[in-house]
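Beneath this line is the structure, given in structure tokens, with notes to follow.
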Amino acid sequence: MKIIAKILAFTMFLLCALPLCACAESTQTEGISIVCTSFAPFDFAREIAGEGANVKMLLSPGADSHSYDPTPKDILAVNKCDVFVYVGGESDVWVEDILSSIDNPDMKTIKLIECTEELYCEEYKEGMDHGHDHSHGHDGTEYDEHVWTDPRNAAIICEKIAAALCAADEENADKYNENLASYKAELSKLDEAFKAVVANGNGKPLIFGDRFPLIYFVKAYGLDYYAAFPGCAADTEPSGATVAYLINKVKEENIPVVFHIELSTGKIADTICEATGASKMQFNACHNVTKDDFNAGVRYIDLMWDNVEALKAALK
């Protein structure tokens, strides 16, 4: 019913906004229009599209992607765009209904959870809090959505975006393919850097006093981990048993760093660090960034290179 209400609201908004949009469109940069639901695909799209493109992120900087709800203005942006990129997991359940309601037969769509050779389910590690509130897919399976945390998946996503841009704007295909080649080279360097850190590391598990939206990352590099919650958990307060388990794990294995993810309060990591003497560090899942970072033009590549340094500290 909520989605239906959104669609009805969008219809009324569209009828009211048509004359206004016709005027506003003439003041915008002419170029291909790309709409993305969250930060990672938004950043990939602007890297591949380059200057002159209109790239929009629906999720507000600083917001949690799992609580995002589209506005009529967002739906209008999707309806008008040339390329639409969305995650396709539980945080994007609204998308399919919206796509079936809009009238844009030329729009190219990319679903991120289809841009990986293997789709992983969320894991419940030993010690992890099981009391979180979440929803499952139609078949009862809950897949981890954060496929871009593996740089190799990021390269596949960029290939899909480049192909969609070339199909929608053949005149600039050479530019898109050149940008793709350049960006894939950056991703390859990043991948090699992570491999080198792991190869020279101490082999200890990573500890996250937080949610854990990084299954694709640890699978890519053969890392073990322990965390307070799965990646899509809504809870922010774990049980005392979970906190105690993580504290004991840090002490038993003499682990130097406890991680929290971006936009988290970091309180759980603080508690663990106070009890163990470990250092608290941020590890970026790149689902979103702060408003200041967004305005400063921070890139996925920048955040992942920060992760390289954070991983070095944890595995030293």
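FYI, the numbering just counts along the sequence from 1. The figures here come from the full heavy-atom set of this structure, side chains too, leaving out hydrogens, waters and symmetry mates.
If you take OG on S38 and NE2 on H146, they are separated by 8.5 Å, rounding to the nearest 0.5 Å. C273 SG to I268 CD1: the interatomic distance, rounded to the nearest 0.5 Å, is 11.5 Å. Expressed to the nearest 0.5 Å, how far CG of L119 lies from CG of L112 amounts to 11.0 Å. Note that the CZ atom of F84 and the CD1 atom of I102 stand 7.5 Å from one another [nearest 0.5 Å]. Taking CG of L180 as the start and CD of E47 as the end, the distance is 11.0 Å to the nearest 0.5 Å.
Distance alone, capped at 3.5 Å, places no donor-acceptor pair between the S182 side chain and the N179 backbone. Without hydrogens or angle criteria, Y216 side chain to W148 main chain gives no donor-acceptor distance under 3.5 Å. Put simply, the side chain of T242 gets close to the backbone of G127: a donor and an acceptor are under 3.5 Å apart. Judged purely by atom type and a 3.5 angstrom limit, D144 has no side-chain atom pairing as donor or acceptor with the backbone of C121. In this structure, the side chain of N284 does not engage the main chain of E262 through any donor-acceptor pair within 3.5 Å. Side chain of D293 to main chain of V298: no donor-acceptor pair is present (N/O by atom type, distance under 3.5 Å, no hydrogens or angles). For D210 (side chain) and A269 (main-chain N/O), no donor-acceptor pair under 3.5 Å exists by modelled atom type. Side-chain atoms of D82 never come within 3.5 Å of backbone atoms of I32 as a donor-acceptor pair (strictly under, hydrogens ignored). Under the 3.5 Å distance criterion, the side-chain polar atoms of N288 are matched with a main-chain donor or acceptor of A63. With hydrogens and angles ignored, the 3.5 Å screen pairs no side-chain donor or acceptor of T116 with any backbone N or O of I113.
Between E186 and K189 no salt bridge is recorded (no basic side-chain N to carboxylate O distance below 4.0 Å). Salt-bridge formation is detected for the pair K125/D224: a Lys NZ or Arg NE/NH1/NH2 atom is positioned less than 4.0 Å from an Asp or Glu carboxylate oxygen. In summary, E192 and K195 engage in a salt bridge, as defined by a charged side-chain N under 4.0 Å from a carboxylate O. Between E96 and K111 a salt bridge is recorded (basic side-chain N to carboxylate O distance below 4.0 Å).
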**Chi angles and distances behind the side chain to side chain contact (heavy atoms under 4.5 Å, CB included) call for S65, T37** = CA-CA 8 Å; S65 59; T37 56; over 6 Å; no

**Message:** Please determine whether side-chain hydrogen bond (donor to acceptor under 3.5 Å, both in side chains) holds for the pair T71 and D74, giving the CA-CA distance in whole Å, both sets of side-chain angles, and the decisive distance to 0.1 Å.
**Reply:** CA-CA 5 Å; T71 66; D74 293 338; 3.2 Å; yes

**Request:** Under the side chain to side chain contact (heavy atoms under 4.5 Å, CB included) rule, what do V78 and L58 come out as? Steps first, then yes or no, please.
**Result:** CA-CA 9 Å; V78 174; L58 296 183; 4.0 Å; yes

**Message:** Between L315 and L223, is the side chain to side chain contact (heavy atoms under 4.5 Å, CB included) condition met? List the steps.
**Reply:** CA-CA 10 Å; L315 298 181; L223 295 163; 4.1 Å; yes

**Asked** Step by step, would you call Y183 with Y300 a side chain to side chain contact (heavy atoms under 4.5 Å, CB included)?
**Response** CA-CA 11 Å; Y183 194 62; Y300 168 91; 3.6 Å; yes

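Using a 4.5 Å cut-off between side-chain heavy atoms of Ile, Leu, Val, Met, Phe, Trp and Tyr, with links allowed through other members, V83 and L99 fall into the same hydrophobic cluster. Under the 4.5 Å side-chain contact rule for hydrophobic residues, I75 and Y68 share a cluster. If you chain together hydrophobic residues whose side chains sit under 4.5 Å apart, L206 and F212 fall into the same group. Side-chain heavy atoms closer than 4.5 Å link hydrophobic residues (I, L, V, M, F, W, Y) into clusters, and following such links, even through other members, never connects L263 to F283. Both V147 and M57 belong to a common hydrophobic cluster when Ile, Leu, Val, Met, Phe, Trp and Tyr are linked at side-chain heavy-atom distances under 4.5 angstrom.
Counting only residues at least two apart or in different chains, side-chain hydrogen bond (donor to acceptor under 3.5 Å, both in side chains) contacts with residues 265-277 comprise D270-K280. Note on residues 152-178: no pairs pass ring pair (Phe, Tyr, Trp, His ring centres under 6.0 Å), not counting sequence neighbours. Sorted by first and then second residue, the salt bridge (Lys or Arg N to Asp or Glu O under 4.0 Å) pairs with a member in residues 149-172 read D150-R152, E159-K184; sequence neighbours excluded.
Closest of all the heavy-atom pairs between I247 and A275 is CD1-CB, 3.7 Å. Scanning both residues, C115 and I156, for their nearest heavy atoms gives O-CG2, 3.8 Å. Shortest non-hydrogen contact noted between C286 and M304 is SG-SD, 3.9 Å. Closest of all the heavy-atom pairs between D97 and S100 is O-OG, 2.8 Å. Closest approach of K312 to V197, counting heavy atoms only: CG-CG2, 3.6 Å. Nearest heavy-atom pair across V85 and P41 is CG1-CB, 3.7 Å.
Legend: residues meeting ring-ring contact (aromatic ring centres under 6.0 Å, His included) with F194, ordered by chain and number and at least two apart, are F217, Y221. Qualifying side-chain hydrogen bond (donor to acceptor under 3.5 Å, both in side chains) partners for E123, counting only residues two or more places apart in sequence or in other chains: K219, Y225. Annotation: salt bridge (Lys or Arg N to Asp or Glu O under 4.0 Å) contacts of D43 (sequence neighbours excluded): R46.
Side-chain atoms of P205 and E253, non-hydrogen and from C-beta on, do get closer than 4.5 Å to each other. Contact check for M128 versus P230: side-chain heavy atoms found under the 4.5 Å cut-off. With a 4.5 Å cut-off on side-chain heavy atoms, L246 and N248 do not count as touching. Annotation: side chain of I301 is in contact with side chain of L187 (closest heavy-atom distance under 4.5 Å).
Classified by interplanar angle (parallel below 30°, tilted 30° to 60°, perpendicular above 60°), the ring pair F208/F259 is tilted. Between F42 and F39, the ring planes are tilted. Angles from 30° to 60° get that label.
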